[in-house]
Amino acid sequence: MSAEAADPAAVPRRRSRPRIDLRRLGRVALLGPVPRDRLPDAIGHVADAHRAHHPDADLGTLHRAYVLAESSHRGQMRKSGEPYITHPLAVTLILAELGAETTTLTASLLHDTVEDTEVTLDQVREQFGEEVCYLVDGVTKLEKVDYGAAAEPETFRKMLVATGNDVRVMSIKLADRLHNMRTLTVMRPEKQARIAKVTRDVLIPLAERLGVQALKTELEDLVFAILNPEEYEDTRALIAEVTGESDPLAPIADSVRATLREAGISAEVLIRPRHFVSVHRVRRKRGELRPTDFGRLLVLVGEDADCYAVLGELHTCFTPVISEFKDFIAAPKFNLYQSLHTAVVGPEGAVAEVLIRTHRMHKVAEAGVVALGNPYAHDPTAAQQAEPSDERADPTRPGWLSRLLDWQESATDPDTFWTTLRADLAQDREITVFGTDGRMLGLPAGASCVDAAYAQHGERAHTCIGARVNGRLATLSTVLSDGDTVQLLLAQDTASGPSPEWLDHARTPAARIAITGWLSAHPDAPGPETQGADGADGRTESAADGPQPTAPARTRSGGRAANVVVDGPENLTRLAGCCTPVPPDEVVGIVVRGGAVTVHRQECPAVARMREIGRASVSARWRDEDGGRDTAACRVTLVAESFGRPRLLADLTEAIATADAAIVSATVEPPSEQRVRHTYTLQLPDAAGLPALMRAMREVAGVYDVSRAQHPAATG
């Protein structure tokens with residue numbers, strides 16, 4: 001329903017189904033008891049709407065609930081002058097049209113009885129059961145909370161807790177707010193503005209997260225009319241101009257129908273008018289509206305596969321606007337929404353946006369969690385086996401809602417929670433990223449690896465030391481893009497925690513609240529260890545600075561030099577300091593000035609460079625001893641790449657010592673984006689122990705790579 005509800009005479013009605021006459025329903029409600037063998041006429045519309053979604057529904061409970069609500073509210077009037085019973089009837093009709101199940105409708109009819117009449121919760125429980133009683137109690141508690149600015153943080157916290165226990169409480173609340181907004185013009189202007197602002201800041205974002213687009217769009221239009229009257233009037237005038245004209249989308253819709261019919265695809269093609277706020281947003285985005293911007297084509301099919309068949313036909317028979325294509329079927333939005341979005345160029349160059357979805361997807365897109373029927377009827381086994389972040393694992397507790405509840409428990413200060421959450425609710429969740437296990441994470445645009453860490457690991461993310469994005473190492477500050485794959489690297493040391501700098505990169509409440517909470521609880525904790533903390537110039541050294549090659553040895557052809565056998569005349573043979581080869585590396589000799597031979601690992605970049613400038617190469621191999629294994633001592637240079645944290649240097653040193661290796665020298669380079677590079681020249685008692693040493697160093701918390709040094713080699 002669009003914002004003309006605030007002024008019914010403003011523009012022609014743009015919906016094919018007329019609104020129920022609530023005043024007439026109120027008069028019928030006052031006629032008193034009716035025969036028990038039929039429903040009162042006043043609730044007949046609710047019954048019809050309910051049966052349309054649930055043909056086998058038992059309407060007896062609704063009948064009894066209506067009788068109790070009507071009798072208890074009898075004599076009460078709304079500020080609009082209507083009998084009060086018109087309000088619970090209207091709220092229930094809204095939910096019935098969305099497909100709510102019988103329990104929700106029963107509670108909706110009774111949602112104001114405990115607050116505004118002599119009916120007690122015990123009476124509701126006795127007549128309608130514990131479930132209906134629970135829902136009525138949840139809505140009643142929300143009604144008791146003041147919506148004033150000073151009370152907003154605690155108001156929302158209470159709303160959140162009620163919603164978290166059962167989303168049907170919030171469904172009733174949203175329908176309740178929608179009907180109140182429809183009749184808000186009877187209030188003073190300042191009160192209208194206050195209620196509209198709370199609706200904008202809290203209830204509309206919650207409707208979006210619950211996927212109830214039908215409620216969300218009408219609430220947006222009603223708020224728009226109150227808070228932005230001039231822009232609303234401009235938009236209303238634009239829509240009024242095109243309402244009586246021929247729709248420019250009609251010929252494109254006809255072409256689409258013909259195309260799909262020829263392809264043998266059974267589909268329903270509809271023209272879906274944009275609501276007021278949507279038209280306003282498109283106008284702001286493009287500056288000038290095209291004739292086709294006042295609506296979109298909606299193609300409804302039977303199966304998921306048919307959606308892609310339709311897409312293929314459209315992109316084959318029309319010119320597609322590729323930048324407009326989005327696949328929310330393969331990657332559903334966090335609020336259950338699924339659809340294919342595209343745009344095509346129709347006859348005479350007109351561009352039409354197209355939504356493609358199944359009938360089931362359309363129902364969920366309009367009604368969200370309300371369309372899922374009885375939320376307690378889902379398969380509990382499947383829900384238990386689903387991952388916590390699976391947004392569709394449990395209709396009564398979608399993943400985003402679980403996270404909200406976790407945040408409100410972590411944020412002991414209501415104002416902090418409220419400020420952070422309002423910022424989150426104001427953001428559009430535009431990107432989906434994937435964990436290495438394939439799990440989808442819904443994040444706001446601009447989210448970083450810090451946000452992904454807390455979304456996937458909760459408080460375990462305190463120990464995060466880095467990330468890989470699409471297989472490449474990345475800093476925690478890296479901003480993620482839609483479709484990225486993220487692997488978070490966690491330290492084994494559970495005592496480590498985040499640094500204050502993480503707050504600069506956190507966009508989600510989950511991250512900000514968790515980081516702030518940890519820092520508050522650990523005011524004296526040191527931040528992540530930085531490179532060079534022990535040295536004035538960022539370097540720590542032991543013995544000689546830099547890699548130390550083994551001493552050169554004299555040999556004849558086929559003789560020994562550091563256990564290497566080379567082919568060629570008598571010469572000096574030495575191991576290259578740039579790649580420090582050790583058995584069982586595959587090696588090659590390079591003849592340098594003076595006839596000496598430098599032995600390199602085969603993959604050493606210096607080998608290719610020297611060959612390019614004309615240096616001759618000779619074959620080289622390790623001395624065959626003990627079945628090819630060398631048991632002689634060797635010297636090797638290793639580079640450890642890591643993220644800074646406390647005790648990193650001590651733990652690396654301990655790992656090296658445990659492998660019986662002696663540190664000849666060690667260098668720690670200056671910090672760079674929280675990453676640390678340690679270079680060690682080590683003396684090993686047995687070259688065969690090198691793989692185990694490198695493995696031990698990689699297992700140190702914070703270390704993400706250990707490699708053999710590749711220092712620039714002289715070409716002389």
Assess whether a salt bridge exists between [X] and [Y], defined as any Lys/Arg side-chain N lying under 4.0 Å from an Asp/Glu carboxylate O.
X: Arg51; Y: Asp48; answer: no
X: Arg194; Y: Glu190; answer: no
X: Glu220; Y: Arg200; answer: no
X: Lys216; Y: Glu366; answer: no
X: Arg168; Y: Glu131; answer: yes
X: Glu353; Y: Arg272; answer: no

[X] side chain near [Y] side chain, heavy-atom distance below 4.5 Å:
X: Arg74; Y: Glu70; value: yes
X: Leu340; Y: Phe328; value: no
X: Glu268; Y: Val299; value: no
X: His341; Y: Glu324; value: no
X: Thr140; Y: His111; value: no
X: Leu222; Y: Leu184; value: no
X: Gln338; Y: Arg357; value: no
X: Val364; Y: Tyr337; value: no

**Q.** Qualifying residue for side-chain contact (heavy atoms from CB on, under 4.5 Å) with Leu215, from Leu203, Val370, Ile94
**A.**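 Option passing the side-chain contact (heavy atoms from CB on, under 4.5 Å) with Leu215: Ile94.
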
**Q.** Name of the residue among Asp112, Val114, Thr113 meeting side-chain contact (heavy atoms from CB on, under 4.5 Å) with Asp116
**A.**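 With Asp116 as partner, side-chain contact (heavy atoms from CB on, under 4.5 Å) holds for just one option, Asp112.
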
**Q.** salt bridge (charged side-chain N to carboxylate O under 4.0 Å, His left out) against Glu118, all qualifying residues, sequence neighbours excluded
**A.**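 Partners of Glu118 under the salt bridge (charged side-chain N to carboxylate O under 4.0 Å, His left out) test: none.
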
Determine yes or no for a side-chain-to-main-chain donor-acceptor pair under 3.5 angstrom, with [X] supplying the side chain and [Y] the backbone.
X: Thr104; Y: Ala100; answer: no
X: Thr292; Y: Val351; answer: yes
X: Glu241; Y: Leu238; answer: no

Q: Could you walk me through whether Glu288 and Arg283 pass salt bridge (charged side-chain N to carboxylate O under 4.0 Å, His left out), step by step?
A: CA-CA 6 Å; Glu288 185 175 347; Arg283 186 186 186 190; over 6 Å; no

Look up atom [atom1] in [X] and atom [atom2] in [Y], then write down how far apart they are to the nearest 0.5 Å.
X: Leu109; Y: His63; atom1: CG; atom2: NE2; answer: 11.5 Å
X: Arg64; Y: Leu59; atom1: CZ; atom2: CG; answer: 12.0 Å
X: His275; Y: Phe224; atom1: NE2; atom2: CZ; answer: 9.5 Å
X: Thr217; Y: Leu178; atom1: OG1; atom2: CG; answer: 9.0 Å
X: Leu270; Y: Leu297; atom1: CG; atom2: CG; answer: 9.0 Å
X: Leu110; Y: Gln127; atom1: CG; atom2: CD; answer: 8.5 Å

(Q) Go through it in stages, so that I can follow the logic: the residues are Phe128 and Leu68, the test is side chain to side chain contact (heavy atoms under 4.5 Å, CB included), and I'd like the CA-CA distance, side-chain angles, deciding distance and then a yes or no. (A) CA-CA 11 Å; Phe128 300 97; Leu68 176 60; 3.7 Å; yes

What heavy-atom pair brings [X] and [Y] nearest, and what distance separates the two atoms?
X: Ala511; Y: Ala506; value: CB-CB, 3.8 Å
X: Gly446; Y: Arg507; value: O-CG, 3.3 Å
X: Ala447; Y: Leu443; value: CB-CB, 3.8 Å
X: Pro83; Y: Thr86; value: O-OG1, 2.7 Å
X: His53; Y: Ala96; value: CD2-O, 3.2 Å
X: Thr199; Y: Pro205; value: O-CD, 4.2 Å

Q: Fit a plane to each ring of His87 and Tyr84, take the angle between them on a 0 to 90° scale, and name the class: parallel (under 30°), tilted (30 to 60°) or perpendicular (over 60°).
A: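 His87 and Tyr84: perpendicular rings.
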
Q: Please report the C-alpha distance between Lys285 and Asp293 in whole Å, then the side-chain angles of each, then the deciding distance to 0.1 Å, and finally whether the side chain to side chain contact (heavy atoms under 4.5 Å, CB included) criterion is met.
A: CA-CA 11 Å; Lys285 177 181 178 182; Asp293 283 338; over 6 Å; no

Q: Give the C-alpha distance, both sets of side-chain angles, the deciding distance and a yes or no for side chain to side chain contact (heavy atoms under 4.5 Å, CB included) between Tyr66 and Ile85.
A: CA-CA 9 Å; Tyr66 170 76; Ile85 189 62; 4.1 Å; yes

(Q) Please evaluate residues Val223 and Ile204 with respect to the criterion side chain to side chain contact (heavy atoms under 4.5 Å, CB included), reporting the C-alpha separation (whole Å), side-chain torsions for both, the decisive distance (0.1 Å), and the verdict. (A) CA-CA 10 Å; Val223 167; Ile204 288 176; 4.0 Å; yes

**Q.** side-chain hydrogen bond (donor to acceptor under 3.5 Å, both in side chains) between Thr102 and His50, intermediate numbers included
**A.** CA-CA 8 Å; Thr102 307; His50 188 35; 2.8 Å; yes

